[in-house]
Amino acid sequence: MAMFQTLPGFRDFYPEDLARRNHIFRIWRQTASAFGFVEYDTPVLEPLDLYRAKSGDEIEAQLFSFLDKGKREVALRPEMTPSVCRLVGERAGSLKRPIKWFSIAEFYRYERMQKGRGRCFFQLNADIFGEAGPEAEIELIALQIQCIRAFGLTDKDFCVRLSDRTLWFHFLGSLGLDETRIRALLGAVDKHERNGDAAFKGYEEAFGPLDAGLKAGVLSFLSVRSFEALERALGGAGAEAAKARLDDWRKLLGGLEAMGLRDYVQVDLSVVRGLAYYTGFVFEAFDRKDELRALAGGGRYDDLVGKLGGSELPAVGFAIGDMTFALLLEERGLTPVISQAPDIYCVIGGAAERRAAFADIHGLRSMGYRVEYPMREVAFGKQFKAAADSGARIALIYGGDELAKGIVKMRDLGDRTEREFPAGGVTAAVREFFGSG
RNA sequence: GCGGUCAUAGCUCAGUUGGUUAGAGCACAAGAUUGUGAAUCUUGGGGUCGCGGGUUCGAGUCCCGUUGGCCGCCCCA
C-alpha cells in the first residue's frame with residue numbers, strides 16, 4: 001500500500017495511460033488545426049473574482065479556491081471560457097477576425113466523483129470570436145463532430161443535439177412572460193429530461209402555480225425534434241424576429257448538410273443548457289445509447305466578452321472533456337493500443353563489444369530511431385528474448401565474433417532472418433531497412 | 001452536501017463456526033541455459049489484510065468509527 005494516495009478525484013497517469021491521453025490530444029490538436037484554429041494557453045491559477053463575475057457567488061462551492069501567501073483570493077481554473085474572454089477582450093481591437101482559437105488544458109472542480117467525472121479533467125476548448133452569424137456555429141459544430149468522428153465513431157455512436165435559446169425567448173415572450181420568468185422556465189426545461197414535471201417545482205415556488213395552457217405550450221415546444229416541427233411550432237407565434245431566426249437555422253442546417261454532417265445533428269429543443277449566459281444556439285454531443293453523460297457541449301455567448309474582457313464581441317464555443325470521451329472509446333473498442341516499442345534492440349557481448357555498440361547506438365538515436373539495449377551484461381539467450389519482447393523490429397548484434405570480424409549482424413525480429421554489415425555500415429543499413437519497410 | 005455498496009500482493013481473487021508463521025494464478029526478477037525468441041521447471045522479491053479503536057485467550061474474519069474506490073442524488077461552467 002502506497003504511503004500517500006492521490007487526492008480524491010485526481011488521477012495518476014502511468015505510461016500506458018498517458019500514451020492514450022496523448023493520442024486523444026494529438027488528434028484533437030490536428031483536427032482543430034485543420035479547421036484553422038490556433039492554440040493558446042492561460043494560467044492554471046486565476047483570481048477568484050474572474051469566476052464570480054461570470055457565474056456568481058454560488059460557484060465557489062465547486063471551486064478549488066484559497067488565499068495565496070499574498071492574501072489574494074485565487075482559484076484553480078474550473079473552465080476556460082472566462083480566461084479566453086479576457087485574452088480576446090484585451091486585444092479585441094488588434095486581432096484579425098474571425099478569431100478562431102483552441103486550447104487543451106486541465107481543469108479542477110471540487111465535486112463529488114462520478115462515472116465520467118472527476119475533480120480534475122482535460123478539455124479541448126474551441127471558440128470563435130467576432131462572428132455574429134450562424135456561420136460560426138457551422139464551423140464549431142463541424143469541428144465538434146470531427147473531433148469525435150476522427151477516432152472512428154460514427155453517427156451510429158453519437159449525435160449533436162441542437163437547440164436555440166433565442167427561439168425559446170421568442171416563444172415564451174410571445175406567451176407574455178417577462179425575462180425573469182423565461183429564465184426560470186428555461187431552468188425547468190433543462191431539468192425536464194431528468195426530472196419530468198418535477199422540474200417545474202422551482203418555477204412554481206417562485207411564481208406560483210404554472211398555468212395549464214402555458215405548461216402545455218412549454219412541453220410541446222421542448223418536444224420539437226425536427227426543423228419542420230420547429231417551423232410549425234412557431235407558426236402561431238408569428239413574430240417577424242422569430243421568422244428571421246428560422247433563416248439562421250436554415251443556414252446552419254444547410255451548411256452542415258453541405259459538409260455531409262447532417263446525420264450527426266439532431267434538432268432537440270429540450271436542450272437549453274443550464275448556463276444563463278448562453279444567448280443563442282446551444283448544442284451538446286451525446287452517445288446514441290444515452291448511457292453516458294454529455295460528451296461535449298457549447299453554444300453562443302455574445303455578452304460574456306464584454307462582461308469579462310471589456311470589449312463587446314460576439315462569441316460561440318464548445319468544450320469536449322477527456323473522461324466521458326475516453327469511456328465511450330473504451331465501450332466501442334476504439335481505445336488505441338499505442339506502441340511505445342523501440343525500433344531497434346541491441347544485443348551486446350562484453351565490455352569491448354559494448355563500447356563498439358555505444359557509438360552506433362548514439363548515432364542512431366541522434367537520427368531519431370528508438371534504440372534500446374540491456375544496461376547490464378546479460379546472457380545472449382535472455383537478450384534475444386528481451387529483444388523480441390521489447391517489440392523492436394530489428395536487433396543489432398554486437399558479439400565477440402562480430403567484433404573480431406569487424407561486422408555487425410542485423411536480425412529481423414519478424415522473420416528471424418539475419419544479415420551482416422561492415423561495422424561502419426550499420427546506420428546506412430538501418431536506414432535502408434526502415435526506409436523500405 | 002446526501003444515499004447505496006465495496007476495500008486481502010502491481011492485477012484478478014481464495015481465505016471454513018474467530019484458531020499455528022495469510023495463500024493461488026497472472027505479472028515482475030534470478031537460475032536451470034555465457035550465441036539466438038512463444039515452452040517447462042526451480043527459486044525469489046513484493047502484504048502493518050485501507051486506517052484507527054473495541055470484543056476475545058486469540059480478529060483478514062465479529063462490532064463501532066474513519067479514509068478511500070465504485071454507483072446514484074444535488075450540481076454539472
Side-chain angles (χ1 to χ4, degrees), chain A residues 1-12 14 16 46 50-56 58-63 75-85 107-119 121 123 125 127 187 190-191 193-195 198-199 201-202 273-278 282 284 291-299 301 304 308 317-321 323-324 327 345 347-351 353 374 376-392 394-404 409-418:
Chain A
M1 186 57 61
M3 202 177 298
F4 296 104
Q5 301 178 333
T6 57
L7 290 166
F10 283 75
R11 304 178 278 175
D12 284 324
Y14 283 85
E16 61 273 25
E46 292 275 18
L50 181 62
Y51 305 111
R52 285 205 188 106
K54 180 194 156 215
S55 309
E58 71 279 6
I59 200 73
E60 269 184 74
Q62 318 246 347
L63 243 38
L76 291 173
R77 61 183 174 201
E79 58 166 326
M80 191 51 102
T81 306
S83 301
V84 71
C85 285
F107 300 95
Y108 306 87
R109 295 178 188 175
Y110 201 88
E111 294 186 282
R112 188 73 177 169
M113 286 185 64
Q114 241 175 92
K115 187 174 188 181
R117 188 172 81 180
R119 288 183 170 181
F121 54 91
Q123 279 185 345
N125 275 260
D127 297 270
D190 184 46
K191 289 186 170 60
E193 184 173 11
R194 291 188 299 272
N195 302 351
K201 212 174 136 195
R273 301 194 44 87
L275 291 313
Y277 64 78
Y278 283 116
V282 288
E284 288 187 330
E291 290 167 347
L292 303 168
R293 55 181 60 243
L295 286 166
Y301 50 99
L304 209 52
L308 298 172
F318 75 88
I320 306 182
M323 294 185 76
T324 300
L327 284 173
Y345 194 98
V347 173
I348 299 171
E353 293 89 333
R376 289 175 295 136
E377 280 194 30
V378 180
F380 264 57
K382 282 216 187 292
Q383 291 196 48
F384 280 105
K385 180 161 166 39
D389 288 347
S390 77
I394 57 174
L396 293 176
I397 302 164
Y398 297 85
D401 301 346
E402 288 82 0
L403 191 63
K409 261 189 206 155
M410 185 172 101
R411 180 177 177 85
D412 185 323
L413 291 167
D415 63 20
R416 305 191 177 198
T417 57
E418 284 182 8

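Computed from a predicted model, the values in this text were never measured in an experiment. Within every chain, numbering begins at 1; the chains are lettered A, B, ... in the order of the sequence lines, protein sequences first and strands thereafter.
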Between B:U61 and B:U48, how far is it from one P atom to the other, in whole Å? 15 Å
Close N/O contacts between protein and nucleotides 68-72 of chain B (under 3.5 Å):
{"from": "B:G69", "atom 1": "OP1", "to": "A:G9", "atom 2": "N", "distance (Å)": "3.2"}
{"from": "B:C71", "atom 1": "OP2", "to": "A:K115", "atom 2": "N", "distance (Å)": "3.2"}

In short, A:S83 meets A:L50 closest at the heavy-atom pair OG-CD2, 3.9 Å
side-chain contact (heavy atoms from CB on, under 4.5 Å) filter on A:A395, not counting sequence neighbours, yields A:V347, A:A387, A:R411, A:L413
inquiry  = Distance check, P atoms only: B:G72 and B:A30, in whole angstrom units.
reply    = 44 Å
The single option from A:E111, A:R109, A:Q62 that satisfies side chain to side chain contact (heavy atoms under 4.5 Å, CB included) with A:P78 is A:R109
query = Any Lys/Arg nitrogen of A:K409 or A:E402 sitting under 4.0 Å from an Asp/Glu carboxylate oxygen of the other?
reply = yes
Distances under 3.5 Å between protein N/O atoms and the N/O atoms of nucleotides 34-44 of chain B, please, pair by pair.
{"from": "B:G35", "atom 1": "O6", "to": "A:G400", "atom 2": "N", "distance (Å)": "2.8"}
{"from": "B:G35", "atom 1": "O6", "to": "A:D401", "atom 2": "N", "distance (Å)": "2.8"}
{"from": "B:G35", "atom 1": "O6", "to": "A:E402", "atom 2": "OE1", "distance (Å)": "3.1"}
{"from": "B:G35", "atom 1": "N1", "to": "A:E402", "atom 2": "OE1", "distance (Å)": "2.7"}
{"from": "B:G35", "atom 1": "N1", "to": "A:E402", "atom 2": "OE2", "distance (Å)": "3.0"}
{"from": "B:G35", "atom 1": "N2", "to": "A:E402", "atom 2": "OE2", "distance (Å)": "2.5"}
{"from": "B:G35", "atom 1": "N2", "to": "A:K409", "atom 2": "NZ", "distance (Å)": "3.3"}
{"from": "B:U36", "atom 1": "O2", "to": "A:R411", "atom 2": "NE", "distance (Å)": "3.3"}
{"from": "B:U36", "atom 1": "O2", "to": "A:R411", "atom 2": "NH1", "distance (Å)": "3.0"}
{"from": "B:U36", "atom 1": "O2", "to": "A:E418", "atom 2": "OE2", "distance (Å)": "3.3"}
{"from": "B:U36", "atom 1": "N3", "to": "A:E418", "atom 2": "OE2", "distance (Å)": "2.6"}
{"from": "B:U36", "atom 1": "O4", "to": "A:K409", "atom 2": "NZ", "distance (Å)": "3.3"}
{"from": "B:U36", "atom 1": "O4", "to": "A:E418", "atom 2": "OE1", "distance (Å)": "3.4"}
{"from": "B:G37", "atom 1": "O2'", "to": "A:R416", "atom 2": "NH2", "distance (Å)": "3.3"}
{"from": "B:G37", "atom 1": "N7", "to": "A:R411", "atom 2": "NE", "distance (Å)": "3.4"}
{"from": "B:G37", "atom 1": "N7", "to": "A:R411", "atom 2": "NH2", "distance (Å)": "2.7"}
{"from": "B:G37", "atom 1": "O6", "to": "A:R411", "atom 2": "NE", "distance (Å)": "2.7"}
{"from": "B:G37", "atom 1": "O6", "to": "A:R411", "atom 2": "NH2", "distance (Å)": "3.1"}
{"from": "B:G37", "atom 1": "N1", "to": "A:L413", "atom 2": "O", "distance (Å)": "2.8"}
{"from": "B:G37", "atom 1": "N2", "to": "A:L413", "atom 2": "O", "distance (Å)": "3.2"}

ask   = Looking only at side-chain N and O atoms, does A:N195 come under 4.0 Å of OP1 or OP2 in B:C73?
value = no
Separation of B:C74 atom C1' from A:K201 atom NZ, nearest Å, is 12 Å
message = Give me the distance, rounded to whole Å, that separates B:G15 from B:A9 when you measure between the C1' atoms they each carry.
response = 14 Å
**Study point:** Span that lies between the P atom of B:G60 and that of B:C51, in whole angstrom
**Key:** 11 Å
- Query: Taking atom C1' in both B:C74 and B:G3, what distance in whole Å separates the two?
  - Reply: 11 Å
note: A:E79, atom CD; B:C75, atom C1'; distance rounded to Å ~ 14 Å
Atom OH of A:Y277 and atom P of B:C76 are separated, to the nearest Å, by 11 Å
With rounding to whole Å, what would you report as the distance between B:G44 and B:C6 at their C1' atoms? 33 Å
Sorted by chain and residue number, the side chain to side chain donor-acceptor pair (under 3.5 Å) partners of A:E291 (sequence neighbours excluded) come out as none
_Donor-acceptor contact below 3.5 Å, side chain A:R293 vs main chain A:K115_ = yes
Rounded to whole Å, the CZ-C1' distance (A:R194 to B:C73) equals 11 Å
Smallest heavy-atom separation, A:Y345 atom then A:Q383 atom, equals CE2-O, 3.9 Å
Residues A:G349 and A:F380: closest non-hydrogen pair is CA-CE1, 3.6 Å
**Q.** Below 4.0 Å: OP1/OP2 of B:A30 and any side-chain N or O of A:R376
**A.** yes
Per the 3.5 Å Watson-Crick/G-U criterion and a run length of at least three, the stems involving RNA chain B are B:1-7 with B:67-73, B:10-13 with B:23-26, B:28-32 with B:40-44, B:50-54 with B:62-66
- Pick the P atom in B:A7 and in B:A14, then give their distance to the nearest Å. 9 Å
field: Between B:U67 and B:G52 - P atom distance, rounded Å
entry: 15 Å
Mark yes or no: A:R119 above the aromatic ring of A:Y108, with NZ or CZ under 6.0 Å from the six-membered ring centre and no more than 45 degrees from the axis. no
The side-chain contact (heavy atoms from CB on, under 4.5 Å) partners of A:E353 (sequence neighbours excluded) come to A:I348, A:Y398, A:L403
key: Distance-only polar pair, side chains of A:Y301 and A:D127, donor-acceptor under 3.5 Å   = yes
**Message:** Please evaluate residues A:E60 and A:R52 with respect to the criterion side chain to side chain contact (heavy atoms under 4.5 Å, CB included), reporting the C-alpha separation (whole Å), side-chain torsions for both, the decisive distance (0.1 Å), and the verdict.
**Reply:** CA-CA 8 Å; A:E60 269 184 74; A:R52 285 205 188 106; 2.7 Å; yes
Whole-Å distance, A:L63 CG to B:G1 C1', equals 17 Å
